[in-house]
Amino acid sequence: MRDIFLDLNDEQRVSVEALDGPVMVVAGAGSGKTRVLTYKVAHLLNSGVDPFRVLALTFTNKAAREMKERIIHLVGNADARNVWMGTFHSVFARILRVEGHLLGYSPNFTIYDNEDSKRLIKGIVREQNLDDKVYAAGYVLYRISSAKTNLITAQRYNSDDDILLQDKLAGKPQLGNIYNLYHQKCFRASAMDFDDLLLNTYILLRDFPDVLLKYQRKFEYILVDEYQDTNQVQYSILKKLAANNENICVVGDDAQSIYAFRGANIKNILNFQKDYPDVKVFKLEQNYRSTKTIVNAANSIIVNNKDQIFKKIWTQNEDGSAIDVLAAKTDTEEGQMIANSIFETKMNFQVRNIEFAILYRTNAQSRSLEEALRKLNIPYRIYGGTSFYNRKEVKDVLAYFRLCVNNKDEEALQRVINLPARGIGKTTLEKITVEAEASKKAIWEIISNSEDLAGLRLGSSVISRITDFVTMIKSFSAQLFKKNAYELGKHISASSGILKALYEDNSYEGIARYENVEELINALSDFAGRPRDTVMESGNGSPLPDFRTLNEFMQEVALLTDADKEDKSNNDRVSLMTVHAAKGLEFPYVYVAGLEENLFPSIQSLNSRSDLEEERRLFYVAITRAQKKLHLSYAESRFRWGNHTFCEPSRFIDEVDARYLSFPGSRKRKGGPAHAVDNEQGLPEAFIEKAIRNKNLKKINALPENETKGKEASYSDETEVRAGDEVMHDRFGKGKVLNVEGAGSNRKATVFFQAVGKKQLLLKFARLKVL
DNA sequence: AAATAGCGCTTTTTT
DNA sequence: AGCGCTATTT
């Protein structure tokens, strides 16, 4: 066994070595956080800990998968596969498959996604004759989700006078009632939404001491990644699981906490030391990812936040070139500028597409960027947004699968009962729904029972169509453990008629949809061909068949995100994604687009300090993704829901210490002969003023001294540049000085660059290095 | 029951 | 602008 500690720096090593007791590792961006976690698990296994006794919670399934591979490699033993590793949601879903019967759930429970939840809420609001403006599905779901995240069950919600009074005062007195009905309907459908996976796990551990003890013993060591983004219920579960031996190691960066909107509580990391007084705290402050320019720029913005753990992030990497700020007239132009820049960089430096990422605040921004990339034939891939598993046609097919696995899955049933059209229309469904509601049964129970069905007084032809449908689904369900996931999935999509309907649609979109379903079938084939990851229990006590079932596939697929999907076709593509989706990733070249007030920071964040601080952390996450070169861009006007709106550059651009910024290619304003001779890149006066003002302000937030000095030494000696000198410029490369004139801060040089030709540069800004 | 036309809502971020 | 949902028509 090789000494794995040779790969670590001192800070990392001591964090890895501390195996026992509570440990908190505060890790700055790019400081090797994942590495510490990976090596720590490897070290545990090397020290003789049983992999089954290690629980590691990551932020994405992909991160878990990659970490596992590396651990297996490090310890040289495939048993490492048996570490319990995954997201909170997927690990707890696994536990609930086994233990959920204690709470009255079938091991085949469905996981409702947001869309399912919203449809269900819409239905309830309609049923209750409530105003769907007052009780907008999105808002109601948000409220239910917040409640669950904070351990407030429907029952508790409705017995809490404060909450009820507040809802009443807010003009939404029925929220508690809707929550109640929502919970009942989910339960009746044997379905859990995302928050239920956490809340039910908590309830399980709270109400069943023997179960708690079982998992406390099982998980001898607990490791948690991205701890800054845990919420109340996750916190409470961890607290319970770790209560016995307190071998809990959390890793995170308070400066990268960006999920408060979904209940994440930054106090969990800020207060970890209070929860575990014996905690050993380690800080990882050396950044291995980015240039000095990027690291220092990131430091210069994050100091504006009040809530944080003190850290001093530094790097030994090279200075790197300045951060380019691109100013565009419109969002279309912004896309073009970014696409052009990528194109040029690719040409000049032989860079592959995969080394570029474009990050933005909202998914809607991707369109103009996509168009620009397409025009230049630059291949790209969008992460998130309407991700693969969110496409309508894919969800339709998945709904069939869901219904076969769990006949009571109400949302899936409503989706497919008349898809493709088989003569079971709205009015029929309405009658069935009313009857189901009246008798507190699932729709499936009504339609699969001939007596119930007869009681509905439907036409005989309708009844036969319904029974045909029921027979079909039953025949699918009967094969769940007879065929593997791929065979059964293919059979279902063919026999249900859904594939045929898509195949017959010859429109451009229709073909794309058909291909998407094909891709889903391919994914099934992959899944069926891969061995089981870990030894799993079936949940109902019976042994699992020796092939992988559709059932298993469905358990996995509900919690997959776009980031988890591997792209086999062409991997060399530019990545487009929201900043949230970029968390944990890194790219040599990063473009952060749409840096405008009301967009980034988002308009809804401007009311409270804490929300604005979260936006700032989000910006911090965005810029710390970059390894070599960072671009920031904004547009002066942008199309937003149909009509164009004018925008101002984001305050976040101002907050970056001006010495790290550069403004290439920006045009002089009209009537601006006052500065006919421009500085380095001809930036508008307003920007110079802002930059100087900003620089003065920033003196208080001094950076590490050695950095500042190093920076100045390289460019402050403007008097030393003379005609005839060979010089180096960050952006333009090598050049020869033709002429120098002027004095003091107005001193400027005419330089001929090999790459870009003759330029006039203001020495104050140019940072020329004499060679 | 199915097909079509018009209305209205969206956009903050995601497991 | 584009999509999904609803009301209306056939």
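Within every chain, numbering begins at 1; the chains are lettered A, B, ... in the order of the sequence lines, protein sequences first and strands thereafter.
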Measure from [atom1] on [X] to [atom2] on [N] and round the result to the nearest Å.
X        : N      : atom1 : atom2 : answer
A:Asp225 : B:dT15 : CG    : P     : 15 Å
A:Asp132 : B:dT10 : CG    : P     : 11 Å
A:Arg422 : B:dA2  : CZ    : C1'   : 15 Å
A:Asp229 : B:dT15 : CG    : C1'   : 12 Å
A:Phe469 : B:dA1  : CZ    : C1'   : 17 Å
A:Gln365 : B:dT13 : CD    : C1'   : 11 Å
A:Leu419 : B:dA1  : CG    : C1'   : 15 Å
A:Leu599 : B:dT13 : CG    : C1'   : 12 Å

Checking contacts here: which listed nucleotide ([options]) is nearest the side-chain heavy atoms of [X]?
X        : options               : answer
A:Ala421 : B:dT11, B:dT14, B:dA2 : B:dA2
A:Thr362 : B:dT13, B:dT15, B:dC9 : B:dT13
A:Tyr259 : C:dG2, B:dT14, B:dT11 : B:dT14
A:Arg262 : B:dT11, B:dT14, B:dA2 : B:dT14

**Request:** Could you tell me whether the side chains of A:Asn305 and A:Tyr620 share a donor-acceptor contact shorter than 3.5 Å?
**Result:**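 No, no side-chain donor-acceptor contact under 3.5 Å.
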Determine: side-chain N/O of [X] to OP1/OP2 of [N], distance under 4.0 Å, yes or no.
X        : N      : answer
A:Ser602 : B:dT13 : no
A:Asn598 : B:dT11 : no
A:Asn363 : B:dT14 : yes
A:Arg126 : C:dT6  : yes
A:Thr428 : B:dA1  : yes
A:Lys583 : B:dT14 : no

**Request:** Would you please test A:Tyr105 and A:Phe187 for ring pair (Phe, Tyr, Trp, His ring centres under 6.0 Å) and show each step?
**Result:** CA-CA 7 Å; A:Tyr105 285 91; A:Phe187 187 75; 5.1 Å; yes
**Fill in**
The answer to which of A:Gly423 and A:Thr578 contacts DNA chain B further toward the 5' end, by nearest nucleotide, is A:Gly423
**First encountered from the 5' end of DNA chain B, between A:Phe194 and A:Asn418** = A:Asn418
Using a 4.0 Å heavy-atom cut-off, does [X] contact any base of the nucleic acid, only the sugar-phosphate backbone, or nothing at all?
X        : result
A:Thr427 : sugar-phosphate
A:Phe600 : nothing
A:Asp195 : nothing
A:Lys133 : sugar-phosphate

**Asked** With stacking defined as ring centroids separated by under 5.5 Å and planes differing by under 30°, is A:Phe88 stacked against B:dT15?
**Response** no
**Ring centre gap for A:Phe261 and A:His580 strictly below 6.0 Å** = yes
**Message:** Using a 6.0 Å distance limit plus a 45 degree cone around the ring axis, check whether A:Lys583 lies over the aromatic ring of A:Tyr259.
**Reply:** no
**Over 12 foreign heavy atoms within 6.0 Å of NZ, A:Lys267** = no
**Request:** With A:Gln365 as reference, evaluate A:Leu599, A:Ile358, A:Thr578 under the side chain to side chain contact (heavy atoms under 4.5 Å, CB included) test and give the passing residue.
**Result:**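 Result for side chain to side chain contact (heavy atoms under 4.5 Å, CB included) with A:Gln365: A:Leu599.
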**Request:** For A:Lys426 and for A:Lys392, locate the closest nucleotide of DNA chain C by heavy-atom distance; then report the residue assigned to the nucleotide nearer the 5' terminus.
**Result:**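 Between the two, 5'-proximity favours A:Lys392.
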